[in-house]
Amino acid sequence: MKKSSTPVREPAAKTTGSRGATRSGQRPAAPAWRVRTDPAPLLPDARPFRVLGTRAAADADPALLLRLYGELVRGRRFNTQATALTRQGRLAVYPSSAGQEACEVAAAAVLAERDWLFPSYRDTLAVVSRGVDPVEALTLLRGDWHTGYDPHRYRVAPLSTPLATQLPHAVGLAHAARLKGDDVVALALVGDGGTSEGDFHEAMNFAAVWQAPVVFLVQNNGFAISVPLAKQSAAPTLAHKAVGYGMPGRLVDGNDVAAVHAVLAEAVDRARTGGGPTLVEAVTYRIDAHTNADDATRYREDDEVAAWRAYDPVRILEAELRGRGLLDDAEAERVASGAEEMAARLRERLNADPATDPMELFGHVYAEPTPQLREQAAQLRAELDAAAGAEGREGGR
Amino acid sequence: MKKSSTPVREPAAKTTGSRGATRSGQRPAAPAWRVRTDPAPLLPDARPFRVLGTRAAADADPALLLRLYGELVRGRRFNTQATALTRQGRLAVYPSSAGQEACEVAAAAVLAERDWLFPSYRDTLAVVSRGVDPVEALTLLRGDWHTGYDPHRYRVAPLSTPLATQLPHAVGLAHAARLKGDDVVALALVGDGGTSEGDFHEAMNFAAVWQAPVVFLVQNNGFAISVPLAKQSAAPTLAHKAVGYGMPGRLVDGNDVAAVHAVLAEAVDRARTGGGPTLVEAVTYRIDAHTNADDATRYREDDEVAAWRAYDPVRILEAELRGRGLLDDAEAERVASGAEEMAARLRERLNADPATDPMELFGHVYAEPTPQLREQAAQLRAELDAAAGAEGREGGR
Amino acid sequence: MTTVAAQRTAGGAKPATMAQAIQRALRDAMADDPAVHVLGEDVGTLGGVFRITDGLAKEFGDDRCTDTPLAEAGILGTAVGMAMYGLRPVVEMQFDAFAYPSFEQLASHVAKMRNRTGGALPLPLTVRIPYGGGIGGVEHHSDSSEAYYMATPGLHVVTPATVEDAYGLLRAAIASDDPVIFLEPKRLYWSKAAWSPQAPAAVEPIGKAVVRRSGTSATLITYGPSLPVCLEAAEAARAEGWDLEVVDLRSLVPFDDETVVRSVRRTGRAVVVHESVGFGGPGGEIAARVSERCFHHLEAPVLRVAGFDVPYPPPMLEGHHLPGVDRVLDAVARLQWEAES
Amino acid sequence: MTTVAAQRTAGGAKPATMAQAIQRALRDAMADDPAVHVLGEDVGTLGGVFRITDGLAKEFGDDRCTDTPLAEAGILGTAVGMAMYGLRPVVEMQFDAFAYPSFEQLASHVAKMRNRTGGALPLPLTVRIPYGGGIGGVEHHSDSSEAYYMATPGLHVVTPATVEDAYGLLRAAIASDDPVIFLEPKRLYWSKAAWSPQAPAAVEPIGKAVVRRSGTSATLITYGPSLPVCLEAAEAARAEGWDLEVVDLRSLVPFDDETVVRSVRRTGRAVVVHESVGFGGPGGEIAARVSERCFHHLEAPVLRVAGFDVPYPPPMLEGHHLPGVDRVLDAVARLQWEAES
Ligand SMILES: Cc1ncc(C[n+]2csc(CCOP(=O)(O)OP(=O)(O)O)c2C)c(N)n1
Ligand SMILES: Cc1ncc(C[n+]2csc(CCOP(=O)(O)OP(=O)(O)O)c2C)c(N)n1
Ligand SMILES: [Mg+2]
Ligand SMILES: [Mg+2]
């Protein structure tokens, strides 16, 4: 991985000078030209940065690795449990991040409490890993309300369904925090498909121009629903997009939680210390279908899935830990049963019907309902009362 | 200038292999990683490419240089004349391209008749230089209609006021032509400010993914109205944006018409021969205010303007031509008086009030006016008739 | 018109869903005219998230049915360029709210290109947008955005409510030399009707409403996803002694004043029913037109039954938001019947 | 209300333009509350293309009044993030049509954020949009886009028609904890009135219409750029024996049914006047509401005088498009006066 480096500004130099005005002495000199930022340190490495299974792993903090292992195991269990709950009709839909848990948990782990996370619609796990109550985090997907948690309480923005639209929010928040003199970094998540949206571009540019303390993590999981990366982008890597904004681009193995954590930590640190934004591309894979409603066999080969399934983020960390004697069967068992407990609690809580109040439709549109909304609320109230009355009468019969 | 090069595809290589799985033998190998495009040939040169005043000038075709000289002189005269017409109230507004004539005329000159030009709102000169009747080209700015020319006849899209929105059109047209098997290249113009828009990003990406025969020319004239480039972008150069889409980026001296022509010609050629899109950044300067309605002294220093005024695209070509004995006073005089004639004709034609028909409001909204529009047209017709009647009566008195 | 429809489906009609009819219309249009190109997110290999374009890439190739990058302004913007070059692009927006990133292309170019160029650059372009709620979608998946398009001169705006119209209107949209916003009611995708793909309905010109049920007491004016609600309400109303006429607008732009006004002048009462928000929604325009043109025939104010003026609710609450049979009947009951008798 | 306004401007009032009043409102809001930040294209050094933000960057620094990159979705999107962090961003869109690239941010986030989060994330954010025509602008510089915003629950939509309201409404907008679309009628920027910046009007709550001229024959319902037209028409109408009442809505959302209905019930006749397109424009909603609520008081259908249903015309033709005094009087003449007498 490249060292973070502050952008280099070349001294202004007359280019004509260097090439010489060979023929036409009368020719006026061009005004000074300056490359404003040295592109070299912005360019990503040619291959994804890895820690696990490399020499760098030896330097990784064992406590951190164990903590991430716990998160990964719980994360995987969360994904399977949530998918199971869709089959039982307890969630309307669930976009699983199975296979991408290393990105999800590293994104949560790398932030300080005062920092903000801006998740995309697939990132419920990152939200939960950041500490949001899982039932609150799943409210959107259960369907009793939209965002189920208080963003200010957890410093987690709403899960964003319209792709890439949350990225400018992250930039604006980070910028505002810096203007206020607060030490706050924003980390925003987006998919490979989301990088094609105009909002991605505008957010990246604002971040770079404002030198906002924000980190963009692209989870390149190979697909946008059915559309493979090759139909999405012809870029050498998505990390190369950074150069065109004047920010560093970093490429990381998205299944290697230690690597993702290290790269994000460096980027967060750069942001925190005034070095501006970073774009990180994590190369990973979406093991499950797009959502439970999707049939991935229509557009991809089992072989490809199998190859990635073998390169499992949980298993490669486990192999590392076991290889270094940091994990034994007993500890693995303890972690696994903790995850089971988490899943059982989740099942239990989601098997209860949520309390919903139809009148809430009108409660949050404005600080004060408009006269029109008051009228409409009264109409619904009357309908509900009438229905309750009818039920009451029927019940009395 | 770099040689154009077809994107290199690296053979798939197991990265883990290269770095070695030093510790954990059990660790599964990562699925093959491939950088899809070699970024090196995409990167722009560190300094703008120049021809005039360099050794390369000797290789430039004298006939081409003389032709471009004629276009430049006429182009400058067109700009001063159009600006003068705003003062006389004959044009509602004119965004002058004074100082940028090299880009304007090179963009027109580099295209074959079957190719398409997609101008931005500042590019009336490119449109005229491409052969559109100047009065038709100025219709928008005179205000008797919007687009005054038939885009199909000249293969020139409408001057686009909403910035960067014409770029996806260029991509779509180029793509459609290629699908039909036609040998057509689209050249789209945009300003430095326009590169910040989401539409720029989406157009670049579609072009690269589709390998559409399109060339993007960014005229970096230092300002978007009052906003200097430094507040617009932190990129090393705007040409560096190309890398993130997987297309070549080229940097050129926008006041050096021979250089702009050469770089564009190479890009058009690459597009024509299946090599896909190119992003060209031409470094130039907006000598006049944003439009006649703008007061540029509010946001920039006279010194800066003076430096660029000295590096005038017409003068540096003239110096080259005279230095090489390709231009003498007589020929220069002939060109100048041709430009004067053009200006006189323009003045004359624009001093006549254009014929406008209010009923045209309803004529082009749909192929067939809706019943509602027919009603509204009848209403206006009646109003006009009544007014004419009243005038007739008054006239009769 | 109902008679004609009945005739057309007489021989060999089998049950088909609206989704199938739309798919068939795309297929037939592509087969008839090589200029017709389909593009959008996931329309190729996957066949679209609603499977509307299923099989088209296979039959016509990736160049005719193209998976685009994920960027709606780019999709619509490139489609404009393709149309400029003589193609007839049919764009699929994946969901209503995901068309918003393309709003500038739509408002500033798609709607205006013919006009800006004095007729020189018509844009024969169709934008298919699945719209509306009732399918338990999470936020941003259930918007009724027709008001935005109605307020934008230069666009045609149509929406089918029946299987047969889905085919006929889409063929008409693709055949049109003007841009057409083709709104597909998501919750009717799986509605079925006897319809023969062997003899698909002739393409009707865009801009004609149709009386779906004749009646004398009052007129329900509706379109798209609310048509079944209105027909059900009309059946239920018989018990109350009301014989309701139901007009399916089919085309919001151009608007068929003639059919609507003829009906309301006869019945003397009208309720506009749609899912979209009430305030600023399509119903305002419709009610205003009807009120103005039928002023002396109205026995009661024109009422509106619409979605509430709130962002579309989450799945568990949408049932309270969507105008249903009861709410329509409540409105009919408020049409000042006492005053008359 | 007119009395209050008169009082307020009594002492030391000098002529000021609407542009100056808006500028002053920004300045005072920034001075009063360090959370108020202005951002947009050219708002800093240049002071905006209409000079509304002139001097603010100098007085408050670039961080409080910021020249952004040229990207409207980015401007609005970052403003959302700033508002999430407790700032009160005031965004300037350079012209009406150039707000369209930000439409998704507006519709999917700005309008919905408070609701989505059950009230946890209110967005105190103002979007200033110069709108409408009459200044000889080339295409895309003269749109009346209020219908789009009205149809989007979660937004407040206001527009001043007087110098005093320009100040008061903008202060109210910036003080509001909800997003407000603040539509500035371009052609009234240089309209003048005696107005004292020394004692600027107290901030009125958003949502109140005002009767600008009392009358008995009919009510003209209007707002923004069409108010002067209506007042002039009302003067001219005296010659015909009509005493017209003129209501300035000021706030399109929320809508002041009370003031409007009270007026129309009294006069029995109404014409809605605005520049925006007729079909699908704001007038449909307004006429529909009035027709429903004043049904038994109306002597004639509620009529609308609006821009034609065409893309905004080029400068030389806009005079034929914009509703002027004559067109308003023609509509008033069609209010079935014979029927009454
Ligand atoms: C603006 C927008 N357009 C379309 C969609 C529909 N959609 C939902 S997910 C998805 C694919 C996203 O792909 P990617 O960004 O790679 O994220 P991933 O699903 O792989 O996590 C699409 C097209 C959307 N949510 N938002
Ligand atoms: C989408 C959009 N936003 C804003 C504007 C208003 N505007 C017109 S020109 C201009 C500056 C353009 O700068 P640049 O792209 O560098 O082109 P230049 O004027 O320098 O040729 C702006 C902001 C516009 N025309 N379109
Ligand atoms: Mg993906
Ligand atoms: Mg510029």
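Residue numbers begin at 1 in each chain, while the letters A, B, ... track the order of the sequences. In this text the structure is predicted, and so the values were computed from the model without any measurement. No hydrogens, no waters, no symmetry mates; every other heavy atom, side chains included, goes into these values.
- In this structure, the separation between OG1 on T165(A) and OH on Y100(C) is 13.0 Å, given to the nearest 0.5 Å.
- The two residues L317(C) and P358(A) have their closest heavy-atom pair at CD2-CA, 3.9 Å.
- Only the side chain of V93(A) comes within contact range of chain C, with at least one heavy atom under 4.5 Å from a heavy atom of that chain.
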Problem set entry | Derivation and outcome, side chain to side chain contact (heavy atoms under 4.5 Å, CB included), residues L380(A) and H321(C) | CA-CA 9 Å; L380(A) 181 57; H321(C) 173 74; over 6 Å; no
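- Among the candidates K231(A), E197(A), E360(A), the residue making the largest number of heavy-atom pairs closer than 4.5 Å to chain C is E197(A).
- Interface remark: F308(C) contributes backbone and side-chain atoms alike to the contact with chain A (heavy atom separation under 4.5 Å).
- Between atom OG1 of residue T161(A) and atom CZ of residue F98(C) there is a gap of 6.0 Å, rounded to the nearest 0.5 Å.
- Two residues are said to be in side-chain contact when any heavy atoms from C-beta on lie closer than 4.5 Å; D199(A) and P101(C) fail this criterion.
- If you measure heavy-atom distances from E318(C) to chain A, you find no contacts under 4.5 Å at all.
- D67(C) contributes no side-chain N or O that, together with a main-chain N or O of V227(A), makes up a donor-acceptor pair within less than 3.5 Å.
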Problem set entry | Criterion side chain to side chain contact (heavy atoms under 4.5 Å, CB included) on D309(C) and Q376(A), from CA distance to verdict | CA-CA 8 Å; D309(C) 299 336; Q376(A) 292 167 30; 2.7 Å; yes
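- Heavy atoms of L229(A) lying under 4.5 Å from chain C are absent altogether.
- Interface residue H140(C): only side-chain heavy atoms are found under 4.5 Å from chain A.
- Using a 4.5 Å cut-off between heavy atoms, L373(A) touches chain C through its side chain atoms alone.
- A 6.0 Å sphere centred on CD of E368(A) holds no more than 12 heavy atoms belonging to other residues, nucleotides or ligands.
- Heavy-atom distances place no part of T66(C) under 4.5 Å from chain A, backbone and side chain included.
- Of all non-hydrogen atoms in P69(C) and S196(A), the two that sit nearest each other are CB-OG, 3.9 Å.
- From M316(C), atom CE reaches atom OG1 of T139(A) across 9.5 Å, with rounding to the nearest 0.5 Å.
- The structure places OH of Y121(A) at 14.0 Å from CD of E139(C), a figure rounded to the nearest 0.5 Å.
- Residues P314(C) and G143(A) share a closest heavy-atom pair of CB-O, 3.3 Å.
- To the nearest 0.5 Å, atom CZ of residue F279(C) and atom CD of residue E375(A) are 11.5 Å apart.
- The CD atom of Q94(C) sits 9.0 Å away from atom CG of L163(A), with the distance rounded to the nearest 0.5 Å.
- Interface summary for chain C: among L141(A), L140(A), I225(A), the most heavy-atom pairs under 4.5 angstrom belong to I225(A).
- The two residues L70(C) and A224(A) come nearest to each other via the heavy atoms CD1-CB, 3.9 Å.
- Taking 4.5 Å as the heavy-atom cut-off, the residues of residues 290-304 of chain A that approach chain C are D294(A), D295(A), R298(A), Y299(A), ordered by number.
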